[in-house]
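Here the structure comes first, spelled out in structure tokens, and everything after it is commentary.
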Amino acid sequence: MVTRTDAQPISPAAVRAAPAWLAALAIGLVALAPRATGLSDFFTIDESYHWIGRVERFSAALLTGDWAATNQTGHPGVTTMWLGALGHALATALGVENPGWAGGGAAYLALLRLPLAVANSLAVALGYLLLRRLVRPATALLGALMWALSPFLIAHGRLLHLDALLTSFMALSLLALLVALTGDRRPAVLRWFVLSGFFGGLAFLTKAPSLLLLPTVGLLLLAPTLPDAAKALSSQRAHEGRGALRTLVALWSAVGARYAVWLAVATVTVFVLWPAMWVGPGEAVGSVLGEIRDNGGQPHHSGNYFLGEPVGVPDWRFYPAVVLWRTMPLTLLGLLALALFGAARAVRRGRDAAREAWWRGDGFALLALAGFALLFLVALSLQAKKLDRYLLPIFPALEILAAAGLVRALDWVGAALGGRGRRTRVTHVLPGAGEVSANAARRLPTIGLALAGALLALNLAYHPYYLSAFNPLLGGGAAAERVMLVGLGEGMEQVGAWLSTRPDLGRGDVLSWIPPTLAPFVPQSTLVRDLRPAYLGRPSSYAVLYVRSVQHKESAEAEAYVRQSPPLFALRMHGVTYATVHQLPRPFERPVGAVFGEALHLRGFTSALVGSTLVITPSWSVQAGRPGGVVSFVHVLAPDGRRVAQVDAPLDQGMFVEWQAGQQFDAPLPVPLPPDLPAGAYRVVMGLYTPSDGARLPVSGVPRLPDELAGPQAIELTALDLP
């Protein structure tokens, strides 16, 4: 058992004096605010494809007593589904129904997310209470605030998903275990072991990487016995080898007993809270093992992206890059400070003394957290399937370690201002300067924590797009977009809002990568199809390219086809270009290639004779922005040159005042033919003019007809043979 002996830490008086529960409540509210507000913002990929359906099936299984059906996925995701089921019950009580994909928005999803947001916020508050027993008060306060306001943790802590809950439960399990290992009263120690095992069980119920708790817990239980074992061996080796062996057996038997208690509590938790274990434990455990083998152990099915290139499996640098890009500057500064102070202590006191120092005060807890973070990072790096969110469980540990580094830095600066220590003595050349420095040293912790809190509050500027938060010291989102996959569906609600304002949205389907993340935010009458080559030749209104799919080249053929036209709308947030919206060229049967007025490209047209009406459907592409309102005319000329039929109509049916480069128009032009037209070969001609002055737009790219035949700047489209 490790005994914690606190030195005289510099900590604001308010931190020492405030009731723990009051501070925990405040921290919980700080964590809850960004996690629980604005939850009806956007759908992420896995929420739309998987978790809403799983929650509903899990809820139905609970209501019908179909316990086997609570085994929905091998993740196993049970905690996510329990909390989601609570949100589903809340939605039912409030009369909010699941509207499906089409035009329903995210109000229903917000209620499913809410219990998870609350649970992850409570974890931060409880984590603070545990930290107070492990580290200095200032470190506990700052570490909890950094945990509460880390954009990466907030981003996933407000989703209907797994990784944030896994993070919360693993962090609480480790912190409770460390409290047990630093306690000295047996009843209290048992309580903390049970609490650690309970949260370990919840982690097992959430996601398979929680199995890394098994070696972590074993190593942490074993570590405190090593100094005693070494002493026993050194003192008894010369006298009685059997005595040394008995000492080791006794020490490690105690470790095994504690481990058994922890594992038993975790196992009971899994069994009690997963109904599928009641009726088919073999099938439930088998599904978890199958998930590990068939999903987690395989490369991502849609590919990956790292350092500017689509890749199947990123190399060992991936997760270190995630740490750099997904932490904020204050965290990196704190981690650097902790490393520097640790190295300085090792140099100053010698290797053995430095090692011994880690076992006093908060050293054991910090070393344990650092060891867990390293173990988890290395273990994940060995897996083929890599995503940044998989590393989320180490981020509370990183924030706590960073807080410890920052507090140590405040210690050092305070000592310098106070003139204490041989290496930090300050020479005061003015009367009263020493008193000023002493006062400054006393106020420094409060000032430092207030400044850190202000810097952390700046993270809220990302709301609700915390997924787009990347370290600004490394270039932020603009640079991160060239390093790793970004985008889980955030921003699609803005794309949907823009599309909903377009008067020509009903001209065809919308093509989009990850369609379930867009469909809830467009009118219900709009069909959103997957952006695949099979759909490119069909009539469509708009096509959406999303950053994630662009990065790993989901369909290079589809992307190249869409990019023929410049984007009409680009969504850029926090340096990341999340989506671009294009219009695809309208289909046509006969190419033309004429350009009117240097901006209006007639790609081609389709013609059909419907009864006595000739229907011309042109395919127009706007090549440069210009005022709208241009009118096209189609004339039908008899063999002798007489005009026998005509139609005049705006290119866009009067929908837009201004035209953008990239817009595509295909308004049909029905030309009613006189019923008494004699048989013969007729010419169908076309031109454009501005209605304000009647001036025709100049045409290039194809031969023009003589002015005396059809007027200036007209072209022949086709011949019409009437029998």
Side-chain angles (χ1 to χ4, degrees), residues 54 58 61-62 65-83 85 119 122-123 126-127 130 162-181 183 186-223 225 252-293 295-296 368 372 375-376 379 393:
R54 287 170 180 167
F58 186 87
L62 293 177
D66 185 1
W67 308 133
T70 61
N71 181 13
Q72 286 288 313
T73 172
H75 282 300
V78 176
T79 56
T80 297
M81 291 186 288
W82 268 114
L83 292 168
L122 288 174
L126 180 55
L130 294 171
L162 301 165
D163 298 285
L165 286 177
L166 174 68
T167 299
S168 295
F169 297 142
M170 291 186 76
L172 292 176
S173 180
L174 286 173
L175 292 177
L177 179 63
L178 291 173
V179 171
L181 293 176
R186 290 187 180 277
V189 167
L190 180 60
R191 178 180 66 192
W192 297 119
F193 270 119
V194 170
L195 186 64
S196 176
F198 170 70
F199 283 118
L202 292 180
F204 294 155
L205 285 170
T206 304
K207 199 174 182 184
S210 59
L211 294 174
L212 287 171
L213 281 174
L214 296 175
T216 302
V217 170
L219 290 172
L220 288 178
L221 289 171
L222 184 64
T225 70
W252 291 340
S253 295
V255 170
R258 296 188 188 107
Y259 193 87
V261 170
W262 187 94
L263 190 59
V265 174
T267 302
V268 169
T269 302
V270 170
F271 188 85
V272 169
L273 294 180
W274 193 3
M277 294 288 289
W278 308 346
V279 294
E283 291 79 359
V285 173
S287 69
V288 175
L289 297 178
E291 176 72 18
I292 295 172
R293 180 188 64 247
N295 188 3
F372 162 73
L375 173 66
F376 199 89

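Numbering starts at 1 and runs along the sequence shown.
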**Prompt:** Are L177 and F199 close enough that some pair of their side-chain heavy atoms sits under 4.5 Å apart?
**Reply:** no

**Asked** About how many Å separate CG of L130 and CG of L178, when rounded to the nearest 0.5 Å?
**Response** 9.5 Å

**Asked** What distance do L213 atom CG and F169 atom CZ have between them, rounded to the nearest 0.5 Å?
**Response** 12.0 Å

**Request:** Grab the two heavy atoms, one from L214 and one from L263, that are nearest each other, plus how far apart they are.
**Result:** CD2-CD1, 3.8 Å

**Prompt:** Less than 4.5 Å apart, any side-chain heavy atom of L175 and any of L126?
**Reply:** no

**Request:** Assign the ring pair W82 / F58 to parallel, tilted or perpendicular, where the plane angle (0 to 90°) is split at 30° and 60°.
**Result:** perpendicular

In a table with atom names and distances, give each donor-acceptor pair under 3.5 Å that connects a side chain of residues 73-81 to protein atoms at least two apart or in another chain.
residue, atom, partner, partner atom, Å
T73, OG1, H75, N, 3.4
T79, OG1, T206, OG1, 2.6
T80, OG1, H161, O, 2.9

**Which atom of G127 lies closest to which atom of L172, heavy atoms considered** = N-CD2, 3.6 Å

**Request:** Locate the shortest heavy-atom distance separating T216 from L212; write the atom from each residue and the value.
**Result:** OG1-O, 2.7 Å

**Fill in**
Note: G200 and A266 closest approach over all heavy atoms is C-CB, 4.3 Å

**Note, W262 side chain near V194 side chain (heavy atom, < 4.5 Å)** = no

**Asked** So, for F204 and V270, which heavy atoms are closest and what is the spacing to 0.1 Å?
**Response** CB-CG2, 3.9 Å

**Asked** Do side-chain atoms of W274 reach the backbone of T70 as a donor and acceptor pair under 3.5 angstrom?
**Response** yes

**Message:** Nearest 0.5 angstrom please: L220 CG to R258 CZ, how far?
**Reply:** 12.5 Å

**Prompt:** P209 pairs by side chain to side chain contact (heavy atoms under 4.5 Å, CB included) with which of L166, I292, L162?
**Reply:** L166

**Request:** Please report the closest heavy-atom contact between A180 and W192, naming both atoms and the distance.
**Result:** CB-CB, 3.5 Å

